[in-house]
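Working notes, beginning with the structure itself.
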Amino acid sequence: MRITLIHNPGSGNASDADNLVKFLRELGHEVRYYSSKEDGWKGALKKRADLVVVAGGDGTVGKVARRMVGRGVPIGILPSGTANNIARTLGLLDRPFEEIVRGWERPRRIKLDVGIAAGPWGERYFIEGVGAGLFAGVLANPNGKLKKSKNPVAGALRRLKKEAESCVPAELNAMLDGEDISGRYLMLEALNLPYVGPNLHLAHDSQPGDGQLDVVLVTEAERARLVYYLEHWQDNRERLAMLPTRRGRHLEIEWAGFALHIDDKLQPKANAKPKEIAGLVKARLDGDSVEFLLPA
């Protein structure tokens, strides 16, 4: 196949560009290589290809996937990031690269929904989810980090546990498919994947391409359950948080400028204009998707 390879050279077990290109060519593919750290990779996605391959983590896979909506070219993943929520959702984690690549010959084709988040700042696609409260607050306050961990996922989960023990619930006015779901929440997450952030396994009913957002609603009543989950995740990485969840396609939040994450990006931005800091935020699934190739 003609492959456009988008590679994050600073990412995990796929850090050597030359070896990666050689590996794909030895398996019979024609490869055009682009680093995600350099100019040119966005334009490369417009060139003719049979497959776009991403070697990297969720950040790299997400920014490629958002640009492939409507292009009609599938994506293959060589997972080599930290959390790898997208690859984990698709069942690719811990599979040898050779098994994944050989699987592209007679693949399963899986559609993954791509959501749209719209607010005073404009619109952008999202892959993982949109949320406010605990997780967004931690992203917005990087100076509150605990002692640096050799395992970034473990360190992030410990930080979330520490914050979950004392964070103050926020009054959020929200509607899901026209139904009022307003309340005081420690965390509200509208998820397109079972996992978000540092492998938080929050949406146990989520399936790729099911056309539904899983909206996780954590009130004061669920604080102890959330803290227990964050404290004991290492006992079972796939442990379910089992928090109250509603399903729907269209979420609306009255946004007053509090920290809000769209995948790994935060609103409001540091240089946001006043008119971009408050208003109605909508997160929706409208049928947009991208296709991934997986081993049969």
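Just so you know, these numbers come straight off a predicted model, no measurement behind them.
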Going by heavy atoms in the side chains, are [X] and [Y] under 4.5 Å from each other?
X	Y	answer
Lys265	Arg124	yes
Pro208	Lys111	no
Met187	Leu202	yes
Ser206	Asn192	no
Lys269	Trp121	no
Ser80	His7	no
Asn84	Ile77	no
Asp177	Arg249	yes

Passes side chain to side chain donor-acceptor pair (under 3.5 Å), Asn199 versus Asn85? Steps please.
-> CA-CA 6 Å; Asn199 293 155; Asn85 290 325; 2.8 Å; yes
Can you spot which of Val53, Val290, Val52 makes a side-chain contact (heavy atoms from CB on, under 4.5 Å) with Val64?
-> Val52
Option among Arg95, Arg108, Arg109 that satisfies the side-chain contact (heavy atoms from CB on, under 4.5 Å) test with Leu294 | Arg108
For the pair [X] and [Y], find out whether any cationic side-chain nitrogen is under 4.0 Å from an anionic carboxylate oxygen.
X	Y	answer
Arg2	Glu30	no
Lys273	Glu276	no
Asp210	Arg247	yes

Honestly curious: do [X] and [Y] fall in one hydrophobic cluster under the side-chain, below-4.5 Å linking rule?
X	Y	answer
Val69	Val61	yes
Phe97	Leu92	yes
Trp104	Leu27	yes
Ile127	Ile262	no
Val114	Leu112	yes

Out of curiosity, [X] [atom1] to [Y] [atom2], how far, rounded to the nearest 0.5 Å?
X	Y	atom1	atom2	value
Met68	Lys46	CE	NZ	11.5 Å
His204	Leu243	NE2	CG	9.5 Å
Glu128	Thr89	CD	OG1	8.0 Å
Leu193	Leu200	CG	CG	12.5 Å
Ile3	Asp50	CD1	CG	8.5 Å
Trp41	Arg32	CH2	CZ	15.0 Å

Output, in order, the C-alpha distance, side-chain angles, deciding distance and verdict of side-chain contact (heavy atoms from CB on, under 4.5 Å) for Leu251 and Ile181.
-> CA-CA 10 Å; Leu251 173 70; Ile181 59 168; 3.9 Å; yes
Shortest non-hydrogen separation from [X] to [Y] and the atoms involved:
X	Y	result
Ala259	Ala136	O-CB, 3.6 Å
Val138	Arg159	CG1-NH1, 3.4 Å
Asp18	Asp16	N-OD1, 3.1 Å
Asn8	Gly56	CB-CA, 4.3 Å
Pro152	Thr82	CB-CG2, 3.8 Å
Ala278	Pro120	O-CG, 3.2 Å

Hey, mind stepping through Glu189 and His261 against side chain to side chain donor-acceptor pair (under 3.5 Å) and telling me if it holds?
-> CA-CA 9 Å; Glu189 290 287 337; His261 80 87; 2.7 Å; yes
Given 3.5 Å as the limit, does a donor-acceptor pair link the side chain of [X] with the main chain of [Y], or not?
X	Y	answer
Arg246	Leu176	no
Arg223	Ala164	yes
Asn173	Glu254	no

Can Arg66 be said to sit on top of Tyr125's aromatic six-ring, NZ or CZ under 6.0 Å from centre and within 45° of the ring axis?
-> no
Hey, mind stepping through Phe292 and Val54 against side-chain contact (heavy atoms from CB on, under 4.5 Å) and telling me if it holds?
-> CA-CA 11 Å; Phe292 288 86; Val54 185; over 6 Å; no
List the steps and the verdict of side-chain contact (heavy atoms from CB on, under 4.5 Å) for Ile253 and Leu188.
-> CA-CA 10 Å; Ile253 302 173; Leu188 184 155; 4.1 Å; yes
Could you tell me whether Asp39 atom CG has more than 12 heavy atoms of other residues or ligands within 6.0 Å of it?
-> no
Could you check Tyr34 against Lys47 for side chain to side chain donor-acceptor pair (under 3.5 Å), going step by step and ending with a plain yes or no?
-> CA-CA 12 Å; Tyr34 297 89; Lys47 296 181 180 180; 3.0 Å; yes
Begin with the C-alpha distance, continue with both residues' side-chain angles, and end with the deciding distance and a verdict on side-chain contact (heavy atoms from CB on, under 4.5 Å) for Leu51 and Leu293.
-> CA-CA 9 Å; Leu51 179 66; Leu293 296 193; 3.6 Å; yes
Show which side-chain atoms of residues 281-289 pair as donor or acceptor with protein atoms under 3.5 Å away, not counting sequence neighbours.
{"from": "Arg284", "atom 1": "NE", "to": "Asp286", "atom 2": "OD2", "distance (Å)": "2.5"}
{"from": "Arg284", "atom 1": "NH2", "to": "Glu123", "atom 2": "OE2", "distance (Å)": "3.4"}
{"from": "Asp286", "atom 1": "OD1", "to": "His250", "atom 2": "NE2", "distance (Å)": "3.1"}

